[in-house]
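See below for the structure under consideration.
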Amino acid sequence: MKADIGVIGLAVMGQNLILNINDKGFTVAVYNRTITKVDRFLNKEAKGRETIRGTYDIQQFCSMLKRPRKIMLMIKAGKAIDDFVEQLLPFLTPGDVIIDGGNSFFGDTIRRTYYLRDKGINFVGTGISGGEEGARHGPSIMPGGEYEAWPLIKDIFQSICAHTPQGQPCCNWVGSDGAGHYVKMVHNGIEYGDMQLISEAYSLMNGLLKLSHSQMADIFDKWNSTELQSYLIEITARIMQHKDNDGKVLLEKILDKAGQKGTGKWTSVNSLDINVPVTLITEAVYARILSSLKAERVKAAGFFETSEFDFTGDVDSFISDIKDALLASKIISYAQGFMLLKAAAKTYSWKLDFGDIALMWREGCIIRSSFLGKINDAFQNNPALESLLFDPYFSTIIKSAQQSWRKVVSTAFNAGISVPAFASALTFFDSYRSAKLPSNLIQAQRDYFGAHTYERTDAPEGQFFHTNWTGTGGDTSAGSYQV
Ligand code: 2AM
């Protein structure tokens, strides 16, 4: 019997996804560049599963598949995808589907979709989140690309993915060409933000309030049954309790240099490209970069020693303030993430369903949380919602958290404890809720030194003026380009 789907790539994610697909009753043909890994997999992880079929060359692999063929690449992003596509093409027929399940850059997915469309092949670029565990037992899956492929893969994808507590699949069609990989990229950016925010809460509880790890574990545990419920809060509580072999807390032995693989950075770079102020994620990316300057930081610590700040307030009430600051900042981060998605839909001509995207992230992925259920509700209630900050659920939280949030940020500033994400969230909030900003001065300066022109409060928008500020600059403007 021919296979329902073929998977190329037998690293952990590939293997786990194959086992997951097979558990759901589908026959899977498998292949890997290094052939020896095929038998190793068949004799170990896939032992006894007759409906997982090993293949040893690309032609054999393609001939084993039901038509139209569905081929999933679970290999390293980048050139390896293009190489495999070229190797597959001679053995494919129009209507076949190639799915890239790696962490590809969405621009590459756009390019590949149109390249393969010309050859009659339906290309799908899909984000998959949830790590190894997710791949094995139900990840969040974000497919985009050639829509014709969706009815062919929908059954498989929606049976292997995670499901919400209400039973909805955390996988739906995201949009055309690079939309799936774009949404996965934003997911990763938001993940950077969430992790940074939680780290700052830890920094305040540990550095300022001098709480023990078991106290912090209890607090994160408690927060996990509030609006902050999320996988990342849950694992943070566990990390706080985890002891090294000598019985000491492992966390404090881990070097404070954060690594990254680049998808958070992609989100920030793209936000600059399409003019969306995604400040919190970007601050989180910078925070990781800054953390990696360990030697310089150690040197600077010696240079700029500050006197110890004694916290004199009520500890329990400050813990509750930190919780409010975390929640308010998280709302800002997601509001920014969805602003980015909205702008991307316009820029790249995607029809994105924001409520659906929140639902895809509700379970299975790293940022999974009940909070995402509320975001889904917000877009269900109003699909045209301008910003999450205008949704009654979120605006009510922000309003009631505001004082605590300000207290936390100002206390951190006074104590000299760095809280880049909390602070950038608050700064964004204060700018966003300002009917008037000092940008009139920037416009005046631009017009003064470069004749860049400005609009006036007492004239219709879109009408540009230039002033001869010095009396010697002349009346010629530099044109009304806006960047
Ligand atoms: P390998 O086992 O032959 O190294 C994760 O690295 C997966 O991507 C593995 O299945 C790996 O195959 C595959 N991979 C990495 N680089 C590749 C490339 N340049 N061409 C094909 N497959 C590649």
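One-based numbering, in listed order, for ligands and for the atoms of each.
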How far does NZ of K24 sit from CD1 of I156, to the nearest 0.5 angstrom? 12.0 Å
Would you say NZ of K342 has more than 12 non-hydrogen atoms from neighbouring residues, nucleotides or ligands within 6.0 angstrom? yes
Would you mind telling me if ligand 1 is within reach of the side chain of K37, the backbone, both or neither, using heavy atoms under 4.0 Å? side chain
For A11, take its heavy atoms, then give the atoms of ligand 1 lying under 4.0 Å from any of them. 5 (C), 10 (O)
Could you check whether the rings of Y432 and F428 sit parallel, tilted or perpendicular, using 30° and 60° as the cut-offs? parallel
Considering the heavy atoms of T34, write down every atom of ligand 1 situated less than 4.0 Å from one of them. 1 (P), 2 (O), 3 (O), 4 (O)
With a cut-off of 4.0 Å, which atoms of ligand 1 are near a heavy atom of I75? 7 (C), 8 (O), 13 (C)
Pairing donors with acceptors under 3.5 angstrom, does anything connect the side chains of D377 and Y393? no
With no hydrogens and no angle check, do the side chains of T93 and R67 hold a donor and an acceptor under 3.5 Å apart? yes
Give the ring-plane orientation class for F84 versus Y31, where under 30° counts as parallel, over 60° as perpendicular and anything between as tilted. perpendicular
Should D244 and K253 count as an ion pair when the cut-off is N to O under 4.0 Å? yes
Nearest protein heavy atom with distance in Å, relative to atom 15 (C) of ligand 1: K76 CB, 3.7 Å
With heavy-atom distances below 4.0 Å as the criterion, list the atoms of ligand 1 near F84. 21 (C), 22 (N)
Provide the number and element of each atom of ligand 1 under 4.0 Å from a heavy atom of G9. 10 (O)
So which protein heavy atom does atom 18 (C) of ligand 1 come closest to, and at what separation? R33 NH1, 3.1 Å
Heavy-atom distances under 4.0 Å are what count here, so tell me which part of N32 touches ligand 1: side chain, backbone, both or neither. side chain
Enumerate the atoms of ligand 1 whose separation from the nearest heavy atom of L10 is less than 4.0 angstrom. 10 (O)
